[in-house]
Structures are given as C-alpha cells and as structure tokens.
Amino acid sequence: MRHTGFGTFFVPGPTEVRRVVLEAMTKPMIPHRSEEFEALFTRLQSGLGTVFGTQRPAYIVAASATGFMESAVRCAPPGRILCLVNGAFSERFARIAEACGREVDRFEVSWGKTHDPETLDDHLSRREYRAITVAHSETSTGALNPVRTISDVAHERGALCLIDSVSGLGGTELRFDDWRLDYVLTGSQKALALPPGLAIAVASEEFVRLAGQAPARGVYFDIVELEKYVRDGQVPSTPPISLLYGLEVQLEAMTAEGIANRWRRHADMASATQAWLARMRAGEDGWQTIAPLDAQSPTVSTIRLPSRLVGDAFVSAVAANGIRVGAGYGKLRDTTFRIGHMGDHTVSTLARCLDACERAAVP
Ligand SMILES: *Cc1c(COP(=O)(O)O)cnc(C)c1O
C-alpha cells in the first residue's frame, strides 16, 4: 500500500487530510480557560458561520457525529418523531430516537432513493409530529435529500426538522439562516476533511428555546448548556484542542476557496464520476450509481458492481493499485463500492482514483 502525497484516499469517511492540517495539530497545548483559547474559538465561530451559512454559533464537542445525532433527539421538545429512512445512517437516526425512548414512526423508502416532499406532507397530515429526522447526503447510498423543501414541509405541519449533514456540509449547498433550518449536525471526518473526533452542530434560537422543554437532555450534549458557554467564547468541558488547531487551518482554506466554489468543485467531481461510469458500462451490467442522477450526492458515489465482481475483493484490487476506496455499506457490501469524492479532492486527484478502479476491473 503506497501513500505518497495527497490524492490516494477516497474512503467516504474518514477522508484524506492534508499535511498542513496534520502539522497544525502538533502545536503545543493552551489552557482552555484562557484568552488565547477564546480568541481561537471566536475565529472558529466565524469560519463555521460561513460554512453553515449562519449568524448562529456552532457547538463543537469531542465526539463522533453520532453524538450530535443523539443530542438532536434528546434536545427536541416532547412529542412524536417521524424518522425519514433511506439508508444506513438515516436508519441509525431512527434507532437513536427509539433508544432515547421517543415515540417514533419510520418513513422508509428503498435504499438509493430520496424522500419526496409531497409524500412526506401526506405522512405528516395523518398524525401529529413534533420533529422529523433526515439525512441530507445519505453516505451509505450517495443519495441527496432535498432538505430545504423537506424542512419547509415539516414547518408547515408544525414539526421541527433535525438534519444530519455529515457528508453534506461543506461539500454541497446548505444555508442554515436563509433556509430557516432548526438543527444541522456534522462530523469532522467527511466533507470537512479533518481527522475524526469533532461533532459540530448549529441550532436555531427557537430550537434552543424549545429544547428547554425536553426533560432528559443529559449534560454533555445539552445544547441549552452549550449555548450558554458559546456566547462567551467558551465550552463547558475540555475541548480537543489539537483538532481545533486543524479545524482553524481547514476553515481558513475553505473561506479562501469560497464556499460556493467548494460546492461547485464537489459537483464537478460527481459529474466526472458519472462520465467515467457511462464509459465503464458500455457492454457490461453494473457501473451505475444506485442513487438516480437527479438525487446523486456531490460528495459520495455508491456504485453497483457488475455481477462478476464482489465488493471486498474489488476494493482490495483497487488498494493494490495504490488507492483506497470505500466498501459498500451494510446490506450493500457485496454488490457496491463507494468513492468519497469529498473534502479536498479535486477532479484531477479523482481521475487517479477512477483510473485505479478501472485497472482493478479488468477481467
Ligand atoms: C459518517 C456518518 C455518520 C456517523 O458519523 P460518526 O462520526 O461515525 O458518528 C452519520 N451520518 C452520516 C450521513 C454519515 O456519513
């Protein structure tokens, strides 16, 4: 397995991290109750505001993204929750809601598909829901849900919308304030291209107010508590300072690139993948994303293999060519593989990945 330079690692989480980011993380510690920390935290808030498209503060904790999925559910005000399921991660959101003792209904569509706002409206008209959960970019299938419309439909029916944008945020359009969103969470190791370990979320003022009614928010993931501290440039418990150094470098790079340019770069990578697939499927079955074209996520492609190839063996054959791609997820493990074209990858690093896949597929 060679790992020379940038552009060999296309797993859809964790994603490849640039050397300058890794190096920033070797800086010495600072006390987290200090002016230095408050200054760092304030700079992070400004960069995250750009990435989320918000004036609201972002909560940052040491956890994988699942931590804030649990937080979203625990902090949502009492009432029934409708969980939109279309893959492994949105299924996890439903499981978390159930495990937190909430009354949950699942609205499931087949993996690879997205949720249609009209059908959602119909579901929401049949029963009263306090909140819905949805995955923006469903990383197991590469399907992109229309979260803006979904959130609007939920609001019209009096429900809050809890959005998992772990592989969406930073790689595809999301505008927290303009779209009047309630709660959006992400993790560091997907489209933000940082090492794993940070969960980041933004909640609306209204959501924080309503969270006050939730009886069992716990302590660590309580957004009412996080909100109190964030206002003073602080955090309730010891933050992962090294990861925050990395985040600072990454936010500077994202701001310099321009968030809309970043979204465009991801869309270009998804298009390049589709163009390659069109060529690959000439004369052979498979080589198709399982998400339809109009719902394909710009950050991750889940690709059906031809029947002669098996998931794990194919992923190993690609690795032998010096490139890591992702195995299929859950029940899609044998029949698909995944390319995480997100974070700091470009159409040209992706071309190397597609070439390695093509060579691995030669019978
Ligand atoms: C990776 C991922 C998660 C889980 O993130 P962890 O950091 O592993 O907890 C949740 N949702 C989506 C859409 C993801 O891609």
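A quick note: this is a predicted structure, and the numbers were derived from the prediction, not measured. Read the numbers this way: they start at 1 and go in the same order the structure lists the ligands and their atoms.
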Requested in this report: For S140 and E138, test the side chains for any donor-to-acceptor distance below 3.5 angstrom and give the result as yes or no.
Outcome: yes
Report task. Compute both the distance and the angle, then confirm whether K190 meets the cation-pi test with F89: under 6.0 Å from the six-membered ring centre, within 45 degrees of the axis. Result -> yes
Report summary line: Contact region, T66 to ligand 1, non-hydrogen atoms below 4.0 Å, reads both
Report task. Evaluate the criterion ring-ring contact (aromatic ring centres under 6.0 Å, His included) for residue pair H341 and F10; output intermediate values, then yes/no. Result -> CA-CA 6 Å; H341 32 73; F10 291 83; 8.6 Å; no
Report summary line: Filtering F68, F93, F89 for the heavy atom nearest atom 3 (C) of ligand 1 leaves F89
Query raised in the report: Is there a heavy atom in H136 that sits closer than 4.0 Å to ligand 1?
Result: no
Requested in this report: Check each heavy atom of S137 against ligand 1 and say whether those closer than 4.0 Å belong to the side chain, the backbone, both or neither.
Outcome: backbone
Report summary line: The option among S64, P196, G340, G13 carrying the non-hydrogen atom nearest to atom 9 (O) of ligand 1 is S64
Query raised in the report: Does one side chain, of D344 or Q250, offer a donor that lies under 3.5 Å from an acceptor on the other?
Result: yes
Query raised in the report: Centres of the F52 and F176 rings: under 6.0 Å?
Result: no
Report summary line: A student checking ligand 1 against R92 at a 4.0 Å heavy-atom cut-off should list atoms 4 (C), 9 (O)
Query raised in the report: Any side-chain donor-acceptor pair under 3.5 Å between H123 and D105?
Result: no
Query raised in the report: Applying a 4.0 Å heavy-atom criterion (strictly less than), which segment of E138 is in contact with ligand 1: side chain, backbone, both, or neither?
Result: neither
Query raised in the report: Under a 4.0 Å heavy-atom limit, does Q189 contact ligand 1 with its side chain, its backbone, both, or neither?
Result: side chain
Query raised in the report: What atoms of ligand 1 come within less than 4.0 Å of a heavy atom belonging to T139?
Result: 12 (C), 13 (C), 14 (C), 15 (O)
Query raised in the report: Quick one: do the D177 and T54 side chains pair a donor with an acceptor below 3.5 Å?
Result: yes
Report summary line: Note: A65, heavy atoms under 4.0 Å from ligand 1, region reported as both
